[in-house]
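Read through the structure below, which is laid out as structure tokens, and then see the notes.
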Amino acid sequence: MPEQRPLTVHIGHDELVIRRRYEVVSICNDILIAVWFIAGSIMFFYSDLMAPGTWCFLIGSIELLIRPIIRLTRLVHIRSIRDDGGHGGTSAESAMDF
């Protein structure tokens, strides 16, 4: 069996900074999603808070839509860095996409 060499991925400094920034934005978005849905769920226990609870669920759903927009924006941003002659060569996308 041939010897397998480890995969080496070269990612430039600019690309790492961009990835980290988008990861932070994505994490904050995920936290907001949880907050909206938890708040909406608690409000649904009280009949006088049903309307604000429904708004929380709607806002949480909109935050779920924002999640793929963040991912798409990150991909476009990274691609523009690479196309502008930035660092990075054969960078593979992360399996844990945020």
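Residue numbers run from 1 in the order of the sequence given.
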Return each pair, listed once, that meets salt bridge (Lys or Arg N to Asp or Glu O under 4.0 Å) where at least one residue sits in residues 25-50; pairs must be two or more places apart or across chains. Asp30-Arg67
In this structure, would Ile31 and Ile42 fall into the same cluster of hydrophobic residues linked by side-chain contacts under 4.5 Å? no
From Arg19 CZ over to Ile81 CD1, what is the distance, rounded to the nearest 0.5 angstrom? 11.5 Å
Minimum heavy-atom separation for Cys56 to Ala39, with atom names? SG-CB, 4.1 Å
Return the CG to CD distance between Leu58 and Glu63, rounded to the nearest 0.5 Å. 11.0 Å
Kindly compute the distance separating CD (Glu23) from SG (Cys28), expressed to the nearest 0.5 Å. 10.5 Å
Mind checking the OG1-CD1 spacing from Thr73 to Ile18? Nearest 0.5 Å is all I need. 12.0 Å
Connecting only ILVMFWY residues whose side-chain heavy atoms lie within less than 4.5 Å of each other, what is the rest of Phe37's hydrophobic cluster? Ile33, Phe44, Met50, Phe57, Leu64
What are the two closest non-hydrogen atoms of Gly53 and Met43, and how far apart are they? N-SD, 3.4 Å
CG (Leu32) and CD1 (Ile27) are apart, to the nearest 0.5 Å, by 12.5 Å
Rounding to 0.5 Å, atoms CG (Leu75) and CD1 (Ile70) come to a distance of 12.0 Å
